[in-house]
> 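Can you keep this structure in mind? I'll have questions shortly.
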Amino acid sequence: MDLLFTGGPMFGTDASALLVRDGRILAIGHDDVRELAGPRTEVVDLRGRLLMPGFQDAHVHAVFGGLELGLCDLSGTTDVAEYLRRVRAYADGHPLEEWIVGGGWSMESFPGGVPGRDLLDRVVPDRPVFLMNRDHHAAWVNSRALDLAGVTARTPDPADGRIDRGPGGDPVGGLQEGAMALVEALVPAATPADRLAGLLRAQRLLHSLGVTAWQDAMLCATNGYPDVADAYLTAATDGSLVSPVVGALWWDRERGAEQIPSLVDERERFTAGPLRSGTVKFMLDGVAENFTAAMTAPYRDACGHPTDNSGLSFIDPAALPGYVTELDRLGFQAHFHALGDRAVRTALDAVAAARAANGPSDTRPHLAHLQVVHPDDVRRFRPLGATANVQALWAAHEPQMDELTIPFLDPELAGRQYPFGDLHRSGARLAAGSDWPVSSPDPLQAVHVAVNRVLPGQDRPVFLPEQRLELATALRAYTSGSAYVNHLDDSGTLSAGSRADLVVLDRDPAAGPPQEIAAARVAITYVAGERVYSSRDA
């Protein structure tokens, strides 16, 4: 059945009518388009609401997010008493589960960002507990979990992580980065059925938020992370995966170039139906809050004095250009986790090496997170053809920023955080993602912060106001910008021939003040012209 949209604004155009046929936009315009409607055309009256191309998330962990929705969920609060209430309630409601597993807690909830095992011991003393924090770079565990894993004062820190310790060296209950694997290796793995259910749960949520395609940033994972690729392959072949998905194949940081042939095999294996896996994900560093993001200047201590720690490089910066060059030659896209400015520079150096060796290509490398970027490197994105993949929801004053980040960064680095405005003015292409379940998967929340640099509903100072984006720029990052990164060139815009991946918002955010952007809601979502979500009042 054809669809005719009329009666409201259409993003990026002055059109008043849009016709969909066979899953694609047949025409967009005015009365000439209305005349193409036939007796079986369904007319969608926008009633003044905004029609947009579907949002695309360029960096998300959909299966993890979907799984966590069914586990012990600590998200949406920073109150420690509420965490403990939820853990106790989950344990009581699941008496047969060997482990209590979940996540979503915030570092800001604990002094120094470090949780204590004694808190968990009070509510679950008899079973092991393993709870990821909201950014998935640390875990909170109880004494039973540490005992089962044999983690004691004598256990050395792994090369890619840290055991949080008390004065005598005893583990206090926080495990940072690679140290999580010491306990997580014992956690019962999710079953294939669990992972598939998590993916489908995530797809429903993403559709309700207007997300019609995404790039999952961790398939075929190693280094202690669970692999979720089987869920995508099953859903892609049985028809339950509705949205186009790009799978980013994980680069094993404990191996070198010898893994490239296996990545070629995985690209072929995990390309089916709407799933394509022609991307390789390089996790170059950690996060600023636990001092593992790779910076060009050392972190400060609690008194403001420089330390001897400038963060971690999870992949040898000297070897990375060779890896990226060979993968680029083989047609792979590089997707970098690069949070600190040293990691950003390392990623850009690798892209530059690939360009020098292979010449121009259409592999479309992109750098995600970009918390700190040196001005010299801001200017490198456009000539290298590297896309800035921003997670805008993080660019605001909130306790994790104000209490656990800014006081411990070199002041010059602290003033360079999330430089979206500088990147845009330099001509860099912007894409956008959520990193869910690290943060909310709602694109409108992120767009709100990109424009305001203040979290929705909060009355705080604007965070580095010169880095704000115009609303249209932020929306394009989440639509055509991410479509470019995802190699979905037939989507992301309202234009004839494009896929009819469409979203109707309940209002036009541009018609109100910027402070109300996050109040907009998704009314209807279409994928290839098929309605996949409708709100109650759609």
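FYI, the numbering just counts along the sequence from 1.
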> Could you check Trp214 against Phe55 for ring pair (Phe, Tyr, Trp, His ring centres under 6.0 Å), going step by step and ending with a plain yes or no?
CA-CA 9 Å; Trp214 63 88; Phe55 295 115; over 10 Å; no

> Relative to Tyr533, does Arg204 satisfy both conditions: NZ or CZ under 6.0 angstrom from the six-membered ring centre, and within 45 degrees of the ring's axis?
no

> List for me each residue that meets side chain to side chain contact (heavy atoms under 4.5 Å, CB included) alongside Glu466, sequence neighbours excluded, and say none if there are none.
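Checked Glu466 against side chain to side chain contact (heavy atoms under 4.5 Å, CB included); matches are Leu464.
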
> So which pairs with a foot in residues 331-366 pass ring pair (Phe, Tyr, Trp, His ring centres under 6.0 Å), sequence neighbours left out?
His59-His335, His137-His337, Phe282-Phe336, His335-His366, His337-His369

> Between Asp157 and Arg165, does any NZ, NE, NH1 or NH2 come within less than 4.0 Å of an OD or OE carboxylate oxygen?
yes

> Output yes when Arg253 and Asp160 qualify as a salt bridge under the 4.0 Å nitrogen-oxygen rule, no when they do not.
yes

> Show me the pairs that pass ring pair (Phe, Tyr, Trp, His ring centres under 6.0 Å) and involve residues 294-320, at least two apart or across chains.
Phe291-Tyr299

> Say you draw a straight line from OG1 of Thr346 to CG of Leu284; how long is it, rounded to the nearest 0.5 Å?
6.5 Å

> Could you please spell out the steps behind the ring pair (Phe, Tyr, Trp, His ring centres under 6.0 Å) verdict for Trp140 and Phe130?
CA-CA 6 Å; Trp140 181 17; Phe130 182 88; over 10 Å; no

> Under 4.0 Å between a Lys/Arg side-chain N and an Asp/Glu carboxylate O for Arg379 and Asp422?
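No.
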
> Are a donor atom and an acceptor atom from the side chains of Thr387 and Asn389 found within less than 3.5 Å of each other?
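Judged by distance alone, the side chains do not pair up.
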
> Apply ring pair (Phe, Tyr, Trp, His ring centres under 6.0 Å) to Tyr225 and list each qualifying residue two or more places apart in sequence or on a separate chain.
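Tyr225: ring pair (Phe, Tyr, Trp, His ring centres under 6.0 Å) contacts with Trp250.
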
> Name all residues meeting the ring pair (Phe, Tyr, Trp, His ring centres under 6.0 Å) criterion together with His397; count only those two or more places apart in sequence or in a different chain, and write none if there are none.
Phe463

> Can you sort out the partners of Ser361 under side chain to side chain contact (heavy atoms under 4.5 Å, CB included), two or more places apart, ordered by chain and number?
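Side chain to side chain contact (heavy atoms under 4.5 Å, CB included) list for Ser361, sorted by chain: Asp328, Arg355, Thr363.
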
> Scan side-chain atoms only and decide if Thr292 and Asn290 contain a donor-acceptor pair under the 3.5 Å cut-off.
yes

> In the structure I gave you, are the side-chain heavy atoms of Phe420 and Leu370 within less than 4.5 Å of one another anywhere?
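No, side chains not in contact.
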
